[in-house]
**Q** 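Following this message is one structure expressed as structure tokens.
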Amino acid sequence: MSRAPLAAFPAIRPRRLRQSDWMRRLVRETVLTPADLIWSIVVHEGEADTIEVASMPGAPRLSVAECGRAAARAKALGIPAIAVFPHVDPRKKDERGTAALDPDNVVCRAVKAMKDAAPEVGVMCDVALDPFTSHGHDGLVEGGRILNDATVAVLVEQALVQARAGCDILAPSDMMDGRVAALRAALESDGHSDAAIMAYAAKYASAFYGPYRDAIGSASVLTGDKKTYQMDPGNSEEALREVALDISEGADMVMVKPGMPYLDIVRRVVEAFSLPTFAFQVSGEYAMIQAAAERGWIDGDRAMLESLTGFKRAGCAGIITYFAPRAAQALGA
Ligand code: PBG
């Protein structure tokens, strides 16, 4: 970018452009809109419309019927898409995450309910086994080790089940090697050439996923950690390699996750690749803002909008966030 040399004070007074609301609006570079948001929700198998999650105040688990109503609400608010994650009945979990392949599982039922209620709203599903496994890992485990290639084979089946249920965007969040290529090939040959892939391309082994694991019920079962597949928080060059690989394998969009501690990664990815780049403002980021706001330590609405604007300013095409409906409302939708 070329920059004219700045005049010296008092010819230049940057505060001239901040003197009033109309002037600030006039020169604002980044404007957040509801169209920038993907609403993340958690669906549960029971009848209760909502079930509060202690570590996610204001973001309860929703019943399948309530997911349908959420889709209608997203449409009314101008939110383009919803990402749905399942809380699975613990009795249905096993070592291999078999329930992930059941076409009538709670994710598939939620997808159908949402597409019935508001077909104009996009639906995104996580491709990973963690909500369905008795050990809480995203893949198959043998002798304490994750089996990469065997996991990819199961993920392909899971993605097909979700695509057949009507899912528009498949979002592999497992961090196995080679999964995007396998998914793309399977989607094409199963007749889902319009199904898009948003790859969780640079996904870090993060403490900020804690409340999500409470919400989907994997926190209590997870054995060990996910450091052999999720990325080391110290790495940035590796993030670019991961993104390059997923793009070469056929990803339509890529994601950086978590969000706020990794805005430098977002920026590098945006500058290096001409592909829509998203960030996931994950559960721990949501919980921190909510908790501080509940104590009166910060203004929750302002912190919410400021954090979301930061993602967009960093270059994100959109943000996956539990705040989506509240943010859309605050934006005057
Ligand atoms: C795993 C997955 C995770 C999230 C979504 N899918 C993280 C994990 O458990 O490792 C995190 C979402 C959040 O924290 O909001 N497949």
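Just so you know, ligand 1 is whichever comes first in the structure, and atom 1 is the first atom listed for that ligand.
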**Q** Name the closest protein heavy atom to atom 16 (N) of ligand 1, giving the residue it belongs to and the distance to 0.1 Å.
**A**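 Of the protein heavy atoms, S173 OG, 2.7 Å lies nearest.
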**Q** Among the heavy atoms of E285, does any lie under 4.0 Å from an atom of ligand 1?
**A**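 So E285 does not count as touching ligand 1.
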**Q** Give a yes/no verdict on a cation-pi contact between K226 and Y229, requiring under 6.0 Å between NZ or CZ and the six-membered ring centre and an angle within 45° of the axis.
**A**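 No; the conditions do not both hold, so K226 does not lie above the ring face of Y229.
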**Q** Has Y322 got any heavy atom lying under 4.0 angstrom from an atom of ligand 1?
**A**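 Judged by the 4.0 Å heavy-atom criterion, Y322 does count as contacting ligand 1.
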**Q** Where is the nearest protein heavy atom to atom 5 (C) of ligand 1: which residue, which atom, and how far?
**A**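 In this structure, atom 5 (C) of ligand 1 has K257 NZ, 2.8 Å as its nearest protein heavy atom.
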**Q** Closer than 4.0 Å to some heavy atom of Q230 - which atoms of ligand 1 meet that?
**A**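 Within the 4.0 Å cut-off of Q230, ligand 1 contributes 8 (C), 10 (O).
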**Q** Considering the options L222, T151, T228, D225, which one meets the side chain to side chain contact (heavy atoms under 4.5 Å, CB included) requirement together with H137?
**A**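 Exactly one candidate clears the test, L222.
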**Q** Would you call M23 and L26 a side-chain contact if the rule is heavy atoms closer than 4.5 Å?
**A**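 With C-beta onward as the side chain, the pair touches.
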**Q** Report the nearest protein non-hydrogen atom to atom 14 (O) of ligand 1: residue, atom name, distance rounded to 0.1 Å.
**A**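 Residue, atom and distance for the closest contact: S283 OG, 2.7 Å.
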**Q** Can you tell me if Q281 and S307 form a side-chain donor-acceptor pair at under 3.5 Å?
**A**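 Checked: Q281/S307 side chains pair up, N/O donor to acceptor below 3.5 Å.
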**Q** Have a look at ligand 1 and work out which part of V282, if any, has a heavy atom under 4.0 Å from it: side chain, backbone, both or neither.
**A**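 Both of them.
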**Q** Considering non-hydrogen atoms of the protein only, which is the closest contact for atom 6 (N) of ligand 1, and what is the distance?
**A**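 Going by distance alone, atom 6 (N) of ligand 1 is nearest to D126 OD2, 2.9 Å.
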**Q** How many angstroms lie between OH in Y212 and OG in S283, if you round to the nearest 0.5 Å?
**A**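 Reported value, rounded in 0.5 Å steps: 8.5 Å.
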**Q** Going by the atom numbers of ligand 1, which of them fall below 4.0 Å from some non-hydrogen atom of F280?
**A**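 In order of numbering, the contacting atoms are 12 (C), 15 (O).
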**Q** Checking R25 against W22: charged group under 6.0 Å from the ring centre and within 45 degrees of the axis?
**A**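 Not flagged: R25 not positioned over aromatic ring of W22.
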**Q** Which of the atoms of ligand 1 are close to A128, meaning less than 4.0 Å from one of its heavy atoms?
**A**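 Checking each atom against A128, I get 16 (N).
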**Q** Can you tell if the side chain of K227 reaches within under 4.5 Å of the side chain of Y204, non-hydrogen atoms only?
**A**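 No - every pair of side-chain heavy atoms lies 4.5 Å or more apart.
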**Q** Is Q281 close enough to touch ligand 1? Criterion: a residue heavy atom under 4.0 Å from a ligand atom.
**A**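 No, that is not the case, since the closest heavy atom of the residue is not under 4.0 Å from the ligand.
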**Q** With atoms numbered from 1 as shown, which atoms in ligand 1 lie under 4.0 angstrom from a non-hydrogen atom of D130?
**A**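 By the 4.0 Å cutoff, the relevant atoms are 1 (C), 2 (C), 9 (O), 16 (N).
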**Q** With a sphere of 6.0 Å drawn around CD of E306, does it hold more than 12 non-hydrogen atoms of other residues, nucleotides or ligands?
**A**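 Not more than 12 within 6.0 Å, no.
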**Q** At what distance is the nearest protein heavy atom to atom 2 (C) of ligand 1, and which residue and atom is it?
**A**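 Answer for atom 2 (C) of ligand 1: K203 NZ, 3.1 Å.
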**Q** For residues 249-257, please give each side-chain donor-acceptor pair under 3.5 Å, one per line with the distance, not counting sequence neighbours.
**A**
residue : atom : partner : partner atom : Å
E249    : OE1  : V180    : N            : 3.3
E249    : OE1  : A181    : N            : 2.9
D252    : OD2  : I197    : N            : 2.8

**Q** Give the atom numbers and elements of ligand 1 that come within less than 4.0 Å of a heavy atom of R213.
**A**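 By the 4.0 Å cutoff, the relevant atoms are 8 (C), 9 (O), 10 (O).
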